[in-house]
Number of protein chains: 2
Amino acid sequence: MDRSEILLSFLKDYRDHYLPSVSLDLVIFGFHEGQMKVLLIRFKGSQDWLLPGGRVRKDEDLNEAAYRSLRERTGLEKLFLQQFQTFGKVDRLTHFSWEETLTKMGLKEPLESLGVDIASFWSRDISVGYYALVEYTKVNPTPDIMSDECQWWDIDQVPQLLFDHNDMIRLALKTLRRQLSYQPIGYNLLPEEFTMSELQSLYETILGRKLDRRNFYKQIMNYDVLERLEKRPTIPASKAPYLYRFKKERYEQLLNEEDLSVG
Amino acid sequence: MDRSEILLSFLKDYRDHYLPSVSLDLVIFGFHEGQMKVLLIRFKGSQDWLLPGGRVRKDEDLNEAAYRSLRERTGLEKLFLQQFQTFGKVDRLTHFSWEETLTKMGLKEPLESLGVDIASFWSRDISVGYYALVEYTKVNPTPDIMSDECQWWDIDQVPQLLFDHNDMIRLALKTLRRQLSYQPIGYNLLPEEFTMSELQSLYETILGRKLDRRNFYKQIMNYDVLERLEKRPTIPASKAPYLYRFKKERYEQLLNEEDLSVG
DNA sequence: CCAAAAGTGTTAAAGCTACACCCATGT
DNA sequence: ACATGGGTGTAGCTTTAACACTTTTGG
């Protein structure tokens, strides 16, 4: 199969098996060395970056599509994933053209000659925004068919992105920070067992500010969501800290109390 | 034009001018005599109730579509309207059939004979949920083309609804209550000028619990969003209360601080 | 003069913030 | 011994909750 045939079958697959008019975008947050990162892709044959996204199969739940897309970009399963807003401005994809995109993807002949009338199944997209929290070191960033590169960016060095994607990141971060105040977070971001300062550092990174060690300890223990273990790993030049782990049932309970999302 | 022709043009209009796969549902809250109400419609030729909804024109912003749908059901403009969640389970419309629905709407011949292949432009819908707050007495409930009746229901007497619409109401109410704690609400729900107890009663209705009169007064005045007028209407058998009104600029400011929705 | 609603201030409890001292370990 | 990171408690402050008496008005 030459490149155009592959594209043709890709387009037909889209038309036949995916919902038209609906897409989704992922704001994937990671944490590394005290820095908050976000995963971006570089658009095929271009210097422009944007958020990874996906589409919804006709036989697939919306949330499931988001999990699948996340898996495809990161190689990870069962992550913290949360819908935060649906974007639907008419002009949100200004400058996007299928024709041009397909050319960059390797289309040689004009589109009509392939016998696919794109306008008939694509007008414009409503996009459902999700944000995810992932463990940076476990991620294997993988470009999709429409991108050349997939990599982490420091959250405060994200360039001007295509479309409305800078807005999406801003709103995702804001929603995440608010959510942090009434939900426990960390289950999929930390190893099974972790120290209090690892957890605190995660919170500090998300919130973008320092927290008082003692107050943090009291608050988090008040949630009754952590279990302290007897193990105390030795750490160079310091007292051996306790390890903690999440009480699974309590953690789930807190999540569910605050979220009757039906995706 | 006979009924079938009207339906045909309705369907063709949907196919040609509206986004496929995307719909929206409205949880319209009203307040009357200390009761919280929600506006429901009765499905064509059926005893089943559900939320009013709408679709998005190809040339229309998502939020604009929601405003338009709200206007069509209530006759009101410029209302408080807020997106709260997008619903996308594959089976969320169980038992819904276009064929059946169109028959109830007056279709006489089988669908194929109309020359419209519904399956080609409709598979299933993702639905964007919005909630609205409206002034009960100003609303003129108007059924849409797919419903026989449109009327208010007490929030705690809502029957089993079609689809996932009971979930939607629950989640809308929960989101609204949370929002109340960091945003002023009332601008489109109360007359231009109102008394403190009217405002308090609105809050109590939304929250579903009584508030302390003195504490409420202090908190609301701390927002610095109300302006006290000199007028004091006389009320039967009681001391004349002050009238208040919202400071428009401050009210808008508080709304915008907390909402960078890009809909 | 009595019932009904409205105006207002004080006190207690809870939650959050700030802050300091001691302990274990490796160099 | 000392530098580094970890464990823990207390005091002040701010925010929220509880609560009661007085005023006006119509009947």
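Chain letters run A, B, ... following the sequence lines, proteins first, then strands; residues in each count from 1.
Ring centroid separation for the pair B/Phe194 and B/Tyr244 does not come in under the 6.0 Å cut-off.
With hydrogens and angles ignored, no donor-acceptor pair closer than 3.5 Å exists between the side chain of B/Arg214 and the base of D/dA17.
Residue whose closest nucleotide on DNA chain C sits further toward the 5' end, between B/Lys218 and B/Arg213: B/Arg213. Each of A/Asp212 and A/Ile235 was assigned the nucleotide of DNA chain C with the nearest heavy atom; the assignment lying further toward the 5' end belongs to A/Asp212. Map B/Thr234 and A/Met196 each onto its nearest nucleotide of DNA chain D; the residue landing nearer the 5' end is A/Met196.
Comparing atom distances between the A/Ala237 side chain and each of C/dT17, C/dG26, C/dA6 picks out C/dG26 as nearest. Side-chain atoms of B/Lys239 lie closest to D/dT23 of the nucleotides D/dA18, D/dG26, D/dT23. Candidate nucleotides C/dG26, D/dA18, D/dG5 were compared by shortest atom distance to the side chain of A/Ser238, and D/dG5 ranks first. Considering only side-chain atoms of B/Asn215, the nucleotide from D/dG6, C/dT8, C/dG9 that sits closest is C/dG9.
A/Arg232 has no side-chain polar atom (N or O) that falls below the 4.0 Å cut-off from OP1 or OP2 of D/dG5. Note on B/Tyr217: a side-chain N or O is less than 4.0 Å away from OP1 or OP2 of C/dT8.
Ring pair A/Tyr251/A/Tyr187 is tilted by interplanar angle, where 30° to 60° counts as tilted.
A straight line from OH of A/Tyr244 to P of D/dG6 spans 11 Å, rounded to a whole angstrom. Between the CG atom of B/Leu199 and the P atom of C/dG7 there is a distance of 12 Å, rounded to whole Å. Remark: C1' of D/dG7 and CD1 of A/Ile220 are 17 Å apart, rounded to the nearest angstrom. Nucleotide D/dT8 holds its C1' atom 15 Å from the CG atom of A/Asn222, rounded to whole Å. The nearest whole Å value for the distance from the CD atom in A/Glu198 to the P atom in D/dG7 is 11 Å. Summarising the geometry, the separation between CZ on B/Phe216 and C1' on D/dT15 is reported as 17 Å, rounded to the nearest angstrom. Following rounding to the nearest Å, A/Phe194 (CZ) and D/dG5 (P) show an atom-to-atom distance of 20 Å. Remark: P of C/dA18 and CZ of A/Arg209 are 10 Å apart, rounded to the nearest angstrom.
Each of B/Leu161, B/Leu50, B/Asp48 was checked for a side chain to side chain contact (heavy atoms under 4.5 Å, CB included) with B/Leu40, and the lone residue meeting it is B/Leu161.
Backbone-only engagement by A/Ser197 is indicated by non-hydrogen atom pairs under 4.0 Å involving sugar-phosphate atoms exclusively.
Not counting sequence neighbours, the partners of A/Asp224 by the side chain to side chain donor-acceptor pair (under 3.5 Å) test are A/Lys247.
Under the 4.0 Å criterion applied to side-chain N and carboxylate O atoms, B/Glu227 and B/Arg245 are assigned as salt-bridge partners.
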